J.: 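Quick one: structure below, then a few questions.
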Amino acid sequence: MTEPTQTVPARTRVAPSPTGDPHVGTAYQALFDVAWARKTGGRFVLRIEDTDRARTVEGSEQLIYSDLAWLGLAPDEGPQNPGECGPYRQSERLPLYRQYAEQLIEQGHAYYCWCSPERLAQLRADQAASKTSQTGYDRCCLGLTRDERAKLPGFSPDPVVRMLVPDDVDLEFTDAIRGQVHTPRPDDQVILKADGFPTYHLAVVVDDHLMGITAAVRGEEWISSTPKHLLLYKWLGWTPPAIAHMPLLRNTDKSKISKRKNPAARLEWFREAGYLPEALLNFLELLAYPPVHPDTEVQSFDEFVACFDWAKVNTTGPIFDLAKLNWLNGAYLRQLSDDELAHRIVTYWEQTGEPGAADPRARAVVAQAAPIIRERLTTLADAAPMIGFLLTPDAALGMDDDALATLPPNADQVLDAAQEVLAGLDDFRADAIQAGLRTALVDGLGLKPKVAFGPVRVALTGRRVSPPLFESAEILGRASCLARLGALRARLSA
RNA sequence: GUCCCCAUCGUCUAGCGGCCCAGGACUCAGCCCUUUCAAGGCUGCAACGGCAGUUCGAAUCUGCUUGGGGAUACCA
């Protein structure tokens with residue numbers, strides 16, 4: 001197996017089409033692109049493949065940029081930070097493709113085709129119906145002039161350009177991940193469309209060569225068209241880059257991952273859902289690559305890069321299962337310092353329009369609460385509901401029904417005692433609060449801790465489950481605590 | 001239909017002829033810790049798709065088969 005030589009700095013590229021929200025597959029491939037570039041001291045290039053005018057969506061290029069940057073995979077070169085091999089949008093490189101298409105026609109490797117889309121559709125339908133193994137274009141236009149062809153049925157005035165695939169086309173190539181791979185025999189593929197735009201097949205070859213790309217990472221679905229690309233390289237007299245075909249990410253039903261079946265197919269979804277980019281990166285690495293360390297699967301991108309080897313990339317398409325990502329995200333969250341965690345939460349709030357983001361008091365509370373919610377978070381989105389009781393005015397605190405249902409018959413007694421303790425405390429800090437309440441409720445009233453602290457929790461948080469009680473009480477402060485204890489007490493007497 | 005790719009616990013994987021009656025991680029279950037919930041610790045459930053062959057010996061090699069996926073576009 002020939003793999004890209006490690007001593008040569010790679011020039012790799014990710015080439016998404018701007019057809020809406022960036023796809024998670026783009027990040028997945030970019031990750032391996034970047035790993036290879038970093039490993040070899042090379043460059044990572046972003047090229048926008050906008051040759052399908054019907055599908056191109058306004059604004060998605062910007063999203064591709066911001067999402068890659070969020071993940072720490074910002075391109076070294078791209079349309080917004082050009083280097084020396086631009087332009088980086090295929091729509092700005094149009095003359096190039098026509099030039100090479102014409103060259104191929106002159107050399108006899110390609111030909112014009114005037115067949116109408118209707119004729120081609122009929123041809124395919126007939127081939128399918130006859131169950132023949134003979135499929136593909138029938139070369140109706142090969143060797144004909146425009147006038148000759150015009151006399152035949154199914155004529156369309158604007159021609160496309162097709163490759164003339166020879167009988168002895170090479171059906172084997174070396175993949176960086178899979179080694180020797182056999183491929184299906186290609187059809188006389190259209191390389192230049194009637195609207196003058198190239199198809200992917202021509203564009204990728206011309207661009208990769210002209211932009212000096214030495215290693216290309218793409219999805220497995222491209223394996224079958226690789227011989228077309230190799231043929232073009234051969235005809236044009238160019239050296240192809242090393243090509244790595246990544247296994248395809250799958251939906252739970254094992255089909256190719258799609259936005260329709262899986263919300264996580266949208267790269268944006270992870271940011272919206274409160275995942276940390278480093279956790280997502282780690283997760284994507286694990287999806288196609290064995291863990292770097294024998295004792296843990298939590299690994300940094302640098303560690304991944306350091307051990308990167310194409311031969312270790314897996315060949316089976318992984319099912320995109322969020323359970324492990326959730327665990328990883330929690331693991332990364334737990335590694336954050338208090339300040340960093342608070343910062344991430346507030347930043348997340350800013351991005352999602354959470355009201356607390358703009359409130360200085362809320363920011364202060366987040367900073368105080370960071371240590372007590374850290375190990376309870378799966379995503380950043382969990383923070384707001386978890387500390388909501390700290391941000392709500394005392395009078396507006398709601399009581400969950402299931403929380404009220406846990407109150408024991410002697411709750412009033414407990415609340416009275418708790419109020420007395422908290423009112424008399426010199427030092428309103430968590431350990432003093434705990435000591436005071438324990439003395440009064442557990443020792444004094446002879447209650448089990450669970451029974452003793454339950455009503456206090458319900459009073460202060462309105463919920464059955466909450467962050468640690470005494471720390472929460474400290475953050476709330478004496479006045480709020482007394483007000484809330486009093487409120488629940490009053491409610492019980494009513 | 002045709003062609004191509006792939007195949008170890010539910011999921012991600014280790015394994016590249018003996019160290020494997022298959023190891024780790026996530027999930028799940030139980031226990032411990034414990035003021036709730038988590039986190040943490042411990043224990044457990046759980047896999048080499050099938051059939052031939054090669055070999056003293058096969059999860060590992062070969063063939064067939066089955067299953068899954070992908071490609072068969074003037075989409076990428």
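Note that this is a predicted model, so its numbers are computed, not measured. Proteins get letters first, then strands, A, B, ... in listed order; numbering begins at 1 in each. For the numbers below, each heavy atom of this structure counts, side chains included, while hydrogens, waters and symmetry mates do not.
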J.: Quick check: any donor-acceptor pair below 3.5 Å linking the side-chain of Glu297(A) to the base of G24(B)?
T.: yes

J.: Mark up nucleotides 33-50 of chain B, 5' to 3', with B wherever a protein heavy atom is under 4.0 angstrom from a base atom, S wherever such an atom reaches only the sugar-phosphate, and - elsewhere.
T.: --BBBBSS----------

J.: Only counting residues at least two apart or in another chain, list the ones meeting side-chain contact (heavy atoms from CB on, under 4.5 Å) with Pro22(A).
T.: Leu63(A), Ile64(A), Asp67(A), Leu267(A)

J.: Does U27(B) have its OP1 or OP2 closer than 4.0 Å to a side-chain nitrogen or oxygen of Asn326(A)?
T.: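 Looking at the OP1 and OP2 atoms of U27(B), neither is under 4.0 Å from any side-chain N or O of Asn326(A).
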
J.: Using a 4.0 Å heavy-atom cut-off across all strands, classify Val181(A) as base, sugar-phosphate, or nothing.
T.: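 Here Val181(A) touches the backbone only, sparing every base.
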
J.: Can you list everything that forms a side-chain contact (heavy atoms from CB on, under 4.5 Å) with Arg260(A)? Sequence neighbours excluded, please.
T.: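 With sequence neighbours excluded, Arg260(A) shows a side-chain contact (heavy atoms from CB on, under 4.5 Å) to Ser258(A), given in chain and number order.
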
J.: Tell me the salt bridge (Lys or Arg N to Asp or Glu O under 4.0 Å) pairs involving residues 119-129 of chain A, sequence neighbours left out?
T.: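 For residues 119-129 of chain A: Arg119(A)-Asp138(A).
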
J.: Which residues satisfy the side-chain contact (heavy atoms from CB on, under 4.5 Å) test with Glu471(A), sequence neighbours excluded?
T.: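 Expected list: Ile372(A), Ala430(A), Pro468(A).
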
J.: Can the ring centroids of Tyr289(A) and Phe308(A) be said to lie less than 6.0 angstrom from one another?
T.: yes

J.: Name all pairs fulfilling the salt bridge (Lys or Arg N to Asp or Glu O under 4.0 Å) condition that reach into residues 314-327 of chain A, sequence neighbours left out, sorted by first residue then second.
T.: Glu297(A)-Lys324(A)

J.: For nucleotides 58-73 of chain B, just jot down a letter per nucleotide in 5' to 3' order: B, S or -, based on protein non-hydrogen atoms under 4.0 Å.
T.: ----------SSSS-S

J.: Once side-chain contact (heavy atoms from CB on, under 4.5 Å) is applied, do any residues pair with Pro157(A), and if so which ones, sequence neighbours excluded?
T.: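 Arg146(A), Phe155(A).
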
J.: Applying salt bridge (Lys or Arg N to Asp or Glu O under 4.0 Å), which residue pairs with at least one partner in residues 449-470 of chain A are found, sequence neighbours left out?
T.: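 Qualifying pairs: Asp400(A)-Arg463(A), Asp402(A)-Arg464(A).
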
J.: Are any of Lys324(A)'s side-chain N or O atoms less than 4.0 Å away from OP1 or OP2 of U13(B)?
T.: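 False: Lys324(A) side-chain N/O out of range (4.0 Å or more) of U13(B) OP1/OP2.
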
